[in-house]
Amino acid sequence: MSKNAPLLSALFLLLWCNVLAAGDSYLTNSLQPVFDKDGNASRGAWVNGANGGSAKRVKGTNIISMTLNKREQMARIAFHEHMPFDASLATDDPTSALQVKVRSKANYTGNITWGWHIKDNKYIRAPASQINLTANTWQELLLPMTPAFKCENAIAIFFELDTPGTLEMNHVAVVSKRRLCLDAIPADIFLNADSLKLNGKAVAGINTVELTGKPLMMTEQRRCLRARLMLLTVNSR
Amino acid sequence: MLTCKVNVVDGEFSMTFRKDELAQYANNVFVASASGSAGKPEDSSLPVDTFVYPILTGKSLPKLFIENGKLYQATAGGGKKPFGFVGMNYTQFMLYFGRKESFELIAREVDQLASWGITAVRLPINFALLQPAEGVFPDNPDYEKILKEHNIYTSWFRMVEYFITLAGQRGIYSVFDWHGYPVDPYRHFIGGDIHAKGSGKPGEGIAWLAPTKIAAVEFDITDPRHYKALLATHTWTAMHFKNNTNIMGIEVPYNEPHTRYMNNQSNWAKVTSACALAIKAQDNDRLTFCMPAGWGHDNLSWTVTWQLPVGVDAQAPHHYLANGPVPTRPEAKSTKRPWLCRDQDLTFARAIATLSLPRGAGNVPIYNGEGGEWGSDIFLPDMERGLANDCMFEASLVQGYAAGLIGHMNWICFDNKSYDKTIYKDHGPRFAKVYAEGPVDWSKADVAFIQNPEGVDSDNNHNMSVIPFIDLMLSLHMGPVHYLTDDEIIFKGVSRQSSGLEQVTDASASIGDYKCLIVDKRNLDRRVEKILKKLNIPIFMFEKPEELTTAVAVKLFTDNGVYIDQKTPEGIQLAIGPKHVVVFRRKGESGTDTIYPNVKRDGVFELVDEKGKSCFKGTSEDLRNNGVSITLDKWRSLILEIKN
């Protein structure tokens, strides 16, 4: 086997997986975008600063710029009141993470904290993460999740810095870190086809995979259908 | 659950799943796990799922046809069996799928309908979606482009065809009903925006029959362009679905023709016949079911009772339980829909029977095209909604069956997510097996009731004169009787013969083989009495309804060998079908009673209750003499299967 094989397969994964390699041993799947790489604000989100912090979307770009000079200052991405962030997606299991792409015009070292803003002005923070940015270089972060919150949906996501700085940010999403993944199945694949070729990827070191297929429980069936019909409703507006 | 092992090659793996290995009509979820892993979450993929559509087998339903006034389903080897159904209005093609596309929802709902025992659906359709421009139908190259211009999913007709195919595969026949028209530029379901109405902004809906894009008009059959559009719709549909045996028929002329023009017999018959013949010209075997005038519930006119227009095969009136020929309650005027605020006891006691008896002496098949629990909030306001709906659905099924209907199409706006559909899960399968054996046979009767349908004034397009006959029939458990109007007697009973040169004299023709007749003389055509006297059939005639006492009727019937049952309590209704006895407590209190159904069988047979328990074994005479004990709640039914 070629010495370059692992490198080539990693490149292959990046090109074909529709997921992003995070480190050497994980693949990530987007569970819910918050502010995507094209600058689309999920759930009707808008960007603002709070407690004296400044944050805004850079006009004509897909980038959020934030300047936070004190610990209590925040950059926020708020959700539309009719489309709050579903609390059930914000789990604290070890496979979940917040994926963020950041850069700074100057080298930057400090701790970043993020969290959810929920009803009654409550804030749920994730553990702080140290970041070391090289000037003008995008870096992808996988930040640990907050403690799970239940019952209340989030009305905004926020970021704080313990060291003053101006950061740019893009591609914010709640992701799942896994060692293998399955490609999404095109909608209605079985309407006209009698079989389905299911494709997946695995990190190096996994040589055999067990695949299982089974019907969802009835309550889940209803949830899936509701979600799809809701999507239809949104799209047809 | 399917499990398989696959190898990872260069970081990738794949596996092919066949549809027939997976659970159809359901979302199937797939997960990949690293072999030999310790079960850590990161060693499994996130699940992905997809809806697995059913395999289309290409199998169609047996052809339905009518012979001697009865609906049959073809069987193997050129045979036939009577056909009847519990059905449902499936409104999604009118109120949903134009603006939404979901084949998955169709598949799931066909599965749901089948699970309720439904074997026929009425498809109410706004024909704007089928004919979005004058003369343009789905086989026209411009069809999809026009739909798109009006914000309608171009797959709409493909969804209709998919439904019909899949429903057929699941044993469900489809009937077309033209329920809406291209007349309102602001109607949401045909591409418009209701909020723009009145703004002066042109509507974007398919409304090519409206003279402008800023105002809706009523569908007007007197307008030649509207008439042509309707006929073209019938013609194209009959042509396109020619020989498709999944289609039970097409309703004519269109849904609930209630304009003043169409409430005239001559106009209604002319239009209805033209529509039926347009269909027959394309497919002579395609069954046509007529929709009476009014709100589909006219049971007075001879054209919708005993003399249907040329080209029409059968009837499909609308009989809503809550809107029967029953007086309204005192508080009716203070309710939102007073016509549904009717006497509850009388409604359960005889509403559907009263609506159905004047519909002819069993000479054509009849199904109730719309009915059921609609209006329960007004009709039974003090009852918990689910319970009220349940009672009304059950009563509609049992009373319709007893009246000899071949089927019942329940009305429901299908997309109403908040509507509790559990009532269908219970009563649908219960009655599906009863209806499936064919209707109670009303084609022969020992007694005919004869009257002028305006013996007392009609009301709400309903025959009110018939009520004394209904009370008699139900209280004596008479089973099929015939109702003949004086017009019908003259039409069928009079003949004339030439006698000598240029001389014609009256003669009589047969009106049927009856053991006796009861004749209401109120407003009766004078010729009828003369005709009847020539028939040599025992007759009781009355001038005032109070003369028709039970004692008088019982004497007439017993003297002439007509079977009556005075032992079964009056509050119990018995419907004796080909293989079932359906028992309904139409009035009185819940409790235990003995019933004496007149089940005609040679030799010994059994009656088996719904739990499979045998509750009677013996001959017809044993049952008539000794009866069978039942326990039944008020306004509830039970079904006994007749087993030889």
Side-chain angles (χ1 to χ4, degrees), chain A residues 5-6 8-10 12-13 16-17 25-27 29 31 93-95 176-216 218 220-221 224-226 228-229 232-233 235-236, chain B residues 1-37 40-56 96 99-108 151 153 162 415 417:
Chain A
L8 284 173
S9 58
F12 192 79
L13 282 175
W16 295 99
C17 275
S25 57
Y26 288 108
L27 306 165
N29 295 53
L31 293 176
D93 81 75
T95 63
S176 180
K177 302 182 296 178
R178 305 278 172 151
R179 297 180 67 221
L180 21 64
C181 69
L182 290 169
D183 285 359
I185 303 172
D188 282 345
I189 185 77
F190 274 123
L191 179 59
N192 297 310
D194 286 332
S195 63
L196 158 72
K197 190 178 178 194
L198 198 58
N199 297 309
K201 289 94 192 170
V203 298
I206 296 178
N207 300 317
T208 318
V209 165
E210 280 184 17
L211 266 170
T212 59
K214 63 177 180 181
L216 280 176
M218 193 44 77
E220 283 296 290
Q221 298 277 352
C224 284
L225 180 64
R226 267 203 308 276
R228 268 191 269 279
L229 296 179
L232 282 177
T233 308
N235 289 344
S236 64
Chain B
M1 185 170 76
L2 276 175
T3 305
C4 55
K5 267 191 181 177
V6 289
N7 292 327
V8 179
V9 179
D10 293 338
E12 288 194 331
F13 57 91
S14 68
M15 178 71 199
T16 299
F17 291 95
R18 290 197 325 270
K19 204 187 254 189
D20 60 2
E21 298 172 318
L22 300 166
Q24 294 170 44
Y25 293 99
N27 269 78
N28 284 238
V29 64
F30 302 91
V31 174
S33 306
S35 291
S37 68
K40 288 184 195 166
E42 59 265 36
D43 286 336
S44 290
S45 72
L46 279 179
V48 294
D49 69 272
T50 190
F51 179 75
V52 180
Y53 285 84
I55 294 169
L56 294 180
Y96 193 88
R99 305 302 296 266
K100 311 269 174 63
E101 182 188 62
S102 179
F103 286 83
E104 177 186 335
L105 188 62
I106 291 173
R108 284 182 184 275
N151 316 309
Y153 274 101
Y162 180 69
D415 186 39
K417 300 280 187 301

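Throughout, a chain's letter reflects where its sequence line sits, starting with A, and its residues are numbered from 1.
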Task: Side-chain donor-acceptor contact under 3.5 Å, B:Y53 with A:N192 - done: no
Task: Closest-packed option against chain B by number of heavy-atom pairs under 4.5 Å, given A:L182, A:N199, A:D188, A:I189 - done: A:L182
Open item on the list: Using side-chain heavy atoms (C-beta onward) and a distance below 4.5 Å, is A:Y26 in contact with A:R179?
Closed with: yes
Open item on the list: Shorter than 4.5 Å, heavy atoms on both sides: which option in A:S176, A:S195, A:G200 has the most such pairs with chain B?
Closed with: A:G200
Task: Side-chain touch B:V6/A:L211, heavy atoms, less than 4.5 angstrom - done: yes
TODO: Name the member of B:V29, B:N7, B:T3, B:D43 that forms the most heavy-atom pairs with chain A at distances under 4.5 Å.
DONE: B:V29
- [ ] Let me know if A:N207 has heavy atoms under 4.5 Å from chain B in its side chain, its backbone, both or neither.
- [x] backbone
Task: Within 45° cone and under 6.0 Å: B:K19 NZ/CZ vs A:F190 ring - done: no
Task: A:T95 versus chain B, the contacting section by heavy-atom distance below 4.5 Å - done: side chain
- [ ] Using a cut-off of under 4.5 Å on heavy-atom pairs, state which of B:D20, B:V48, B:V9, B:L22 scores highest against chain A.
- [x] B:V48
Open item on the list: I'd like to verify something: which residue of B:G36, B:A107, B:P41 has the highest number of heavy-atom pairs under 4.5 Å with chain A?
Closed with: B:P41
- [ ] Report yes if the side chains of A:K201 and A:C181 come closer than 4.5 Å at any heavy-atom pair, otherwise no.
- [x] yes
Task: A:A193 versus chain B, the contacting section by heavy-atom distance below 4.5 Å - done: backbone
- [ ] Taking atom NZ of A:K214 as the centre, report whether more than 12 heavy atoms of other residues, nucleotides or ligands fall under 6.0 Å from it.
- [x] no
Open item on the list: Please rank A:L198, A:T208, A:V209, A:I185 by heavy-atom pairs under 4.5 Å with chain B and give me the top one.
Closed with: A:V209
TODO: Hey, can you tell me if B:F17 and B:F30 have their rings parallel, tilted or perpendicular (30° and 60° cut-offs)?
DONE: tilted
